Amino acid sequence: MSAADKFLSSFRDALKSNRGISKADRDALDRELNWAVEREAPPTIAIIGETGVGKTTTLNSLFNAGAEVGHSRATTKKADSFEASIFDHSGNKGKVRVLDLPGLGESIAKSEAILEIYKNSLPMADVILWVHPAADRMLEFSQRQLSLLFGGPLQHMANSVVFGLNKADDIYPTNWRRHANIPSDEQLANLADAEQNFRSLVQPVLPSETHRVITYSALQRYNLSSLFALLMEAMPPNRRWVLERRMDLADFLEKADQRFVQGLRPQSVGSVDQIGSPIVPSRSEILAQMTSADKQECFERGVSAEDWWRMRGNDGR
Ligand SMILES: Nc1nc2c(ncn2[C@@H]2O[C@H](COP(=O)(O)OP(=O)(O)OP(=O)(O)O)[C@@H](O)[C@H]2O)c(=O)[nH]1
Ligand SMILES: [Mg+2]
């Protein structure tokens with residue numbers, strides 16, 4: 001449940017039990033509250049990137065727990081005319097308005113027309129997700145276009161950009177740890193380097209310092225919670241709650257080897273262990289309590305789900 005929903009639910013509970021207000025007034029307040037929440041415009045994300053960089057996969061992994069959904073308009077590009085497409089992405093938790101924008105490199109000849117499209121449509125967005133392949137270090141073209149865009153007319157929007165370096169699983173030496181569905185140590189080092197390289201190359205052409213560069217894999221669902229956190233940060237503060245309510249991140253564990261997931265350390269499941277500590281819940285119960293980020297951290301640190309549960313002090317010690 002999002003923070004906004006928790007707040008609304010506590011507010012409603014408090015309202016229900018407030019005997020100082022008549023039932024009719026309480027009902028009216030409740031209706032007005034619902035109305036205000038529903039009336040708030042959906043979050044609007046501009047997503048920029050070349051064809052095939054993973055824009056659609058990213059949307060599905062952030063808002064549909066990885067399930068594919070159809071769009072109201074499927075194509076972003078017609079024969080040889082480039083245009084922005086606006087559609088409502090029907091996420092599992094509600095609508096997300098998407099401005100799907102052609103990549104700048106898709107037609108060098110048309111790059112001026114594409115820039116014009118950006119200038120006209122980006123101001124409609126709450127947040128801009130600039131998607132680039134993590135393995136691609138050739139950034140001169142992007143640098144030039146970023147400088148034209150954010151050095152000039154859209155300077156005030158530079159702080160709304162998140163740079164998502166997708167396809168982390170494709171980074172050299174492509175030896176992804178498939179059983180745990182996380183990067184190898186070599187890949188982790190190269191991903192950190194890719195982030196650093198990207199940041200140092202785009203920084204000089206942006207009007208303010210950007211910390212919002214993140215490597216992720218939409219397909220393997222790696223680092224989605226960090227990507228989402230950056231999108232939240234880049235949202236206008238008074239609209240963050242609208243985005244958070246739509247969050248439905250795909251679970252990276254679903255793509256891990258299930259024997260590995262089940263078999264990490266099964267010995268203490270559902271039992272009293274030898275030193276008499278209380279019963280540890282079953283692995284599936286613990287997993288249900290963990291966020292995707294918790295699971296990822298456990299895998300990276302080699303900590304079992306049961307140890308995570310104990311470390312959180314859940315066994316009363
Ligand atoms: N290896 C890998 N492949 C990915 C990842 N994300 C997307 N892909 C693949 O890249 C291809 C293109 O993905 P899309 O999401 O359709 O890309 P897009 O940017 O929406 O493409 P257009 O709509 O044509 O502009 C598909 O085959 C995806 O499965 C990723 O993180 N890793
Ligand atoms: Mg697409």
Side-chain angles (χ1 to χ4, degrees), residues 44-91 96-108 110-111 114 117-118 121 125 128-137 141-142 145 162-178 180-184 186-188 190-191 194-195 198 213-228 230-231 248-256 292 296:
T44 303
I45 301 184
I47 184 158
I48 302 176
E50 313 295 321
T51 285
V53 81
K55 300 182 294 295
T56 304
T57 315
T58 301
L59 289 174
N60 286 336
S61 64
L62 294 177
F63 301 109
N64 298 293
E68 288 189 17
V69 274
H71 293 143
S72 45
R73 262 169 70 191
T75 58
T76 53
K77 196 172 63 179
K78 289 182 193 158
D80 86 337
S81 76
F82 287 83
E83 60 172 42
S85 134
I86 302 182
F87 59 83
D88 285 335
H89 180 88
S90 33
V96 179
R97 191 145 295 157
V98 178
L99 299 170
D100 196 346
L101 298 169
L104 288 158
E106 287 184 21
S107 165
I108 306 285
K110 297 237 161 78
S111 60
I114 298 179
I117 294 174
Y118 283 16
S121 22
I128 302 165
L129 176 58
W130 187 287
V131 186
H132 194 86
D136 178 17
R137 298 172 73 94
F141 188 72
S142 305
Q145 306 300 324
V162 173
F163 294 98
L165 308 183
N166 189 26
K167 306 199 181 183
D169 53 302
D170 258 358
I171 206 146
Y172 182 80
T174 57
N175 53 348
W176 194 254
R177 287 183 195 146
R178 302 231 159 257
N181 193 26
I182 52 172
S184 66
E186 298 98 314
Q187 286 187 303
L188 272 180
N190 289 335
L191 289 170
E195 272 178 26
F198 192 95
V213 180
I214 187 89
T215 48
Y216 73 101
S217 168
L219 191 68
Q220 298 303 331
R221 305 160 172 196
Y222 168 71
N223 243 0
L224 295 179
S225 46
S226 307
L227 173 64
F228 202 89
L230 289 188
L231 291 170
D248 195 13
L249 304 186
D251 184 357
F252 85 105
L253 269 187
E254 283 175 11
K255 291 218 167 188
S292 190
Q296 191 165 317

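If you're wondering where the values come from, they're calculated on a predicted model, not measured in any experiment. Counting starts at 1 for both ligands and their atoms, in listed order.
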Inset, instruction - Using a strict 4.0 Å cut-off to heavy atoms of Ser217, name the atoms of ligand 1 that fall inside it. - result: 30 (C), 31 (O), 32 (N)
Legend entry - Residue pair Asn181 / Trp176, side-chain donor-acceptor N/O under 3.5 Å: yes
Inset, instruction - Give a yes/no verdict on whether any heavy atom in Gly49 is under 4.0 Å from an atom of ligand 1. - result: no
Inset, instruction - Check Thr57 against ligand 1 and report side chain, backbone, both or neither, counting heavy atoms closer than 4.0 Å. - result: both
Legend entry - Value rounded to 0.5 Å, distance of CG in Asp248 from CG in Asn60: 11.0 Å
Legend entry - Gap separating the CG atom of Leu231 from the OG1 atom of Thr58, nearest 0.5 angstrom: 10.0 Å
Inset, instruction - Run down the list Asn60, Asp100, Ile48, Thr56 and name the one with the heavy atom closest to atom 20 (O) of ligand 1. - result: Thr56
Inset, instruction - Out of Gln220, Arg221, Lys55, Glu68, indicate the one that has the non-hydrogen atom closest to atom 25 (O) of ligand 1. - result: Lys55
Legend entry - Polar atom proximity, Ala218 to ligand 1 (N or O, under 3.5 Å): yes
Inset, instruction - Specify whether an N/O/S atom of Thr57 falls short of 2.8 Å from the Mg ion (ligand 2). - result: no
Legend entry - With His132, the ring pair (Phe, Tyr, Trp, His ring centres under 6.0 Å) member among Phe141, Phe163, Phe198: Phe198
Inset, instruction - Just jot down the ring-ring contact (aromatic ring centres under 6.0 Å, His included) partners of Phe252, sequence neighbours excluded, or say none. - result: Phe299
Legend entry - Minimal non-hydrogen separation, Lys167 against Val53, with atom names: CE-O, 3.5 Å
